[in-house]
Amino acid sequence: MSRVLVIGCGGVASVAIHKCCQVSEVFSELCIASRTKSKCDALAAKLAPQTKTKLTTAQVDADDVNQVIALIKSYQPDLVMNIALPYQDLTIMDACLACGVNYMDTANYEPENTDDPAWRAIYEKRCKEAGFSAYFDYSWQWAYREKFEKAGLTALLGCGFDPGVTQAYCAYAKKHHFDAIRTIDILDCNGGDHGYPFATNFNPEVNLREVSAPGSYWEDGHWVEIPAMSIKREYDFDQVGHKDMYLLHHEEIESLAQNILEVQRIRFFMTFGQSYLTHMKCLENVGMLSTTPVLFEGHEIVPIKFLKALLPDPASLGPRTVGKTNIGCIFTGTQNGQDKTYYIYNVCDHQASYREVGSQAVSYTTGVPAMCGALMLLTGQWNTKGVHTVEEFDPDPFLDALDRYGLPRSESFQPVLVD
Ligand code: NDP
């Protein structure tokens with residue numbers, strides 16, 4: 001029996017809340033809190049007739065640490081699930097520390113305003129030291145390690161699919177299939193079609209920043225950075241077919257490189273269609289992906305925020321998206337002195353997700369792991385204190401929960417490798 005506070009009520013949070021409500025014996029009370037309370041009220045009203053979980057709602061601006069502290073103090077949750085945006089990670093972590101509550105999220109911190117001079121100075125120093133220039137990285141949240149340890153609290157970072165399940169796949173491969181992992185290729189394929197010439201499957205601002213950044217991968221103990229979209233491969237995905245995929249920087253590479261010490265190379269690939277890339281390049285070229293405010297007819301406008309307002313709301317893609325996602329990891333390495341390859345992945349159907357929870361598979365494949373991660377913390381199966389990423393915990397109960405709650409694993413012991 002636990003009491004959980006969920007912050008955020010967008011595409012991913014809505015799936016996570018649906019799934020929590022299917023496990024009322026653990027999630028007995030849940031407060032849905034977000035900036036726009038009417039969305040929380042609508043979701044609570046939809047779910048109340050189908051669940052034993054006692055649902056309440058609240059309004060909170062999670063950019064304001066004092067508002068989050070006040071809400072936590074009044075609701076007294078056992079866990080705060082941050083499923084708002086990466087911009088709020090640090091304020092919510094601060095509030096959890098102030099109130100003595102465990103924390104989890106689905107994406108690592110990045111600032112909303114990348115022009116802020118104080119942030120920029122730290123960022124530029126980090127770029128030089130670390131060797132990659134993506135706006136998002138773990139250093140901000142890893143800086144809380146000692147504080148969470150001392151407070152006897154757990155912060156679980158990045159518990160969606162990627163990051164999240166992909167790291168559990170790595171921990172599982174290491175635990176059951178390899179003595180030493182040589183290479184990891186994380187492959188994220190969305191074979192879905194929503195019928196629009198251009199739309200993003202999750203928050204457009206976060207998504208477009210991520211994919212327009214330079215790509216990078218980990219090799220022989222350091223980062224190799226490449227121009228955005230400059231490494232392309234084709235792969236034949238189970239139940240999806242042939243797709244073009246591109247090497248991106250992705251946050252789990254950073255933690256995996258620290259936690260799977262012997263690994264020689266870690267790469268992340270994501271599939272994109274030509275239409276998406278052409279639109280993105282054009283928007284980038286005309287300045288629409290910029291986070292720097294411009295003055296237009298006396299009003300300050302942030303181009304990427306204005307673009308977000310024009311694009312379809314990712315939550316509205318559910319009914320019209322058909323096809324499947326296929327996300328997983330291919331490993332090479334050795335076991336008992338023998339070379340070995342292994343591929344573990346999940347295939348998720350957009351329409352089946354929509355029928356079950358009213359959302360497309362990109363939200364589904366993120367929201368289900370968020371619920372399963374919360375389940376691990378609330379049932380004490382994951383209880384290491386401090387700030388941790390998913391591969392640092394026992395993957396077995398988590399993957400069993402994913403199998404049970406909608407994201408079953410598939411395996412192959414002779415996969416086609418990516419060159
Ligand atoms: P949405 O934009 O659909 O939803 C974001 C929600 O956060 C909205 O309810 C929004 O409220 C709320 N919110 C925004 N700012 C604040 C604030 N200051 N205070 C309180 N609430 C706020 O995003 P998604 O659901 O698509 O994404 C949610 C998270 O999941 C993101 O961090 C994203 O990066 C992550 N993600 C992780 C993936 C993974 O595999 N690990 C994959 C996909 C996404 P309002 O409606 O008022 O704007």
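Both counts, for ligands and for their atoms, begin at 1 and track the order of listing. Computed from a prediction, not measured in an experiment: that's the story for all the values here.
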Would you please classify the geometry between the H194 ring and the Y196 ring as parallel, tilted or perpendicular, with 30° and 60° separating the classes?
tilted
Donor-acceptor contacts, no H, no angles, side chain residues 237-244, under 3.5 Å, sequence neighbours left out:
from: D238; atom 1: OD2; to: Y345; atom 2: OH; distance (Å): 2.7
from: Q239; atom 1: OE1; to: K324; atom 2: NZ; distance (Å): 3.1
from: H242; atom 1: ND1; to: E234; atom 2: OE2; distance (Å): 2.8

Can you tell whether the side chains of K305 and E300 come within less than 4.0 Å, N to carboxylate O?
no
Tell me, which pairs form a ring pair (Phe, Tyr, Trp, His ring centres under 6.0 Å) where one or both residues lie in residues 359-384, sequence neighbours left out?
W382-F393, W382-F398
Quick check for students: name every N or O atom pair between ligand 1 and the protein closer than 3.5 Å, with distances.
from: ligand 1; atom 1: 2 (O); to: N203; atom 2: ND2; distance (Å): 2.8
from: ligand 1; atom 1: 3 (O); to: G11; atom 2: N; distance (Å): 3.1
from: ligand 1; atom 1: 9 (O); to: C9; atom 2: N; distance (Å): 2.8
from: ligand 1; atom 1: 9 (O); to: G10; atom 2: N; distance (Å): 3.1
from: ligand 1; atom 1: 9 (O); to: S34; atom 2: OG; distance (Å): 3.2
from: ligand 1; atom 1: 11 (O); to: S34; atom 2: OG; distance (Å): 3.2
from: ligand 1; atom 1: 15 (N); to: R35; atom 2: NH1; distance (Å): 3.4
from: ligand 1; atom 1: 18 (N); to: D61; atom 2: OD1; distance (Å): 3.0
from: ligand 1; atom 1: 18 (N); to: D63; atom 2: OD2; distance (Å): 3.2
from: ligand 1; atom 1: 18 (N); to: Q88; atom 2: NE2; distance (Å): 3.3
from: ligand 1; atom 1: 19 (N); to: A62; atom 2: N; distance (Å): 2.8
from: ligand 1; atom 1: 21 (N); to: R35; atom 2: N; distance (Å): 3.4
from: ligand 1; atom 1: 25 (O); to: G11; atom 2: N; distance (Å): 3.2
from: ligand 1; atom 1: 25 (O); to: V12; atom 2: N; distance (Å): 2.8
from: ligand 1; atom 1: 26 (O); to: N203; atom 2: N; distance (Å): 3.2
from: ligand 1; atom 1: 30 (O); to: T106; atom 2: OG1; distance (Å): 3.0
from: ligand 1; atom 1: 32 (O); to: A84; atom 2: O; distance (Å): 3.3
from: ligand 1; atom 1: 40 (O); to: F161; atom 2: N; distance (Å): 3.1
from: ligand 1; atom 1: 40 (O); to: D162; atom 2: N; distance (Å): 3.0
from: ligand 1; atom 1: 40 (O); to: D162; atom 2: O; distance (Å): 3.4
from: ligand 1; atom 1: 41 (N); to: T106; atom 2: O; distance (Å): 2.9
from: ligand 1; atom 1: 41 (N); to: P163; atom 2: O; distance (Å): 3.1
from: ligand 1; atom 1: 46 (O); to: K39; atom 2: NZ; distance (Å): 2.5
from: ligand 1; atom 1: 47 (O); to: R35; atom 2: NE; distance (Å): 3.3
from: ligand 1; atom 1: 47 (O); to: T36; atom 2: N; distance (Å): 3.3
from: ligand 1; atom 1: 47 (O); to: T36; atom 2: OG1; distance (Å): 2.4
from: ligand 1; atom 1: 48 (O); to: R35; atom 2: NH2; distance (Å): 2.6

Note: K175-D394 ion pair, threshold 4.0 Å (strictly below):
yes
Hits for side chain to side chain contact (heavy atoms under 4.5 Å, CB included) against T166, two or more places apart or cross-chain, chain-then-number order -> F161, D162, I186, E252, I327, C329
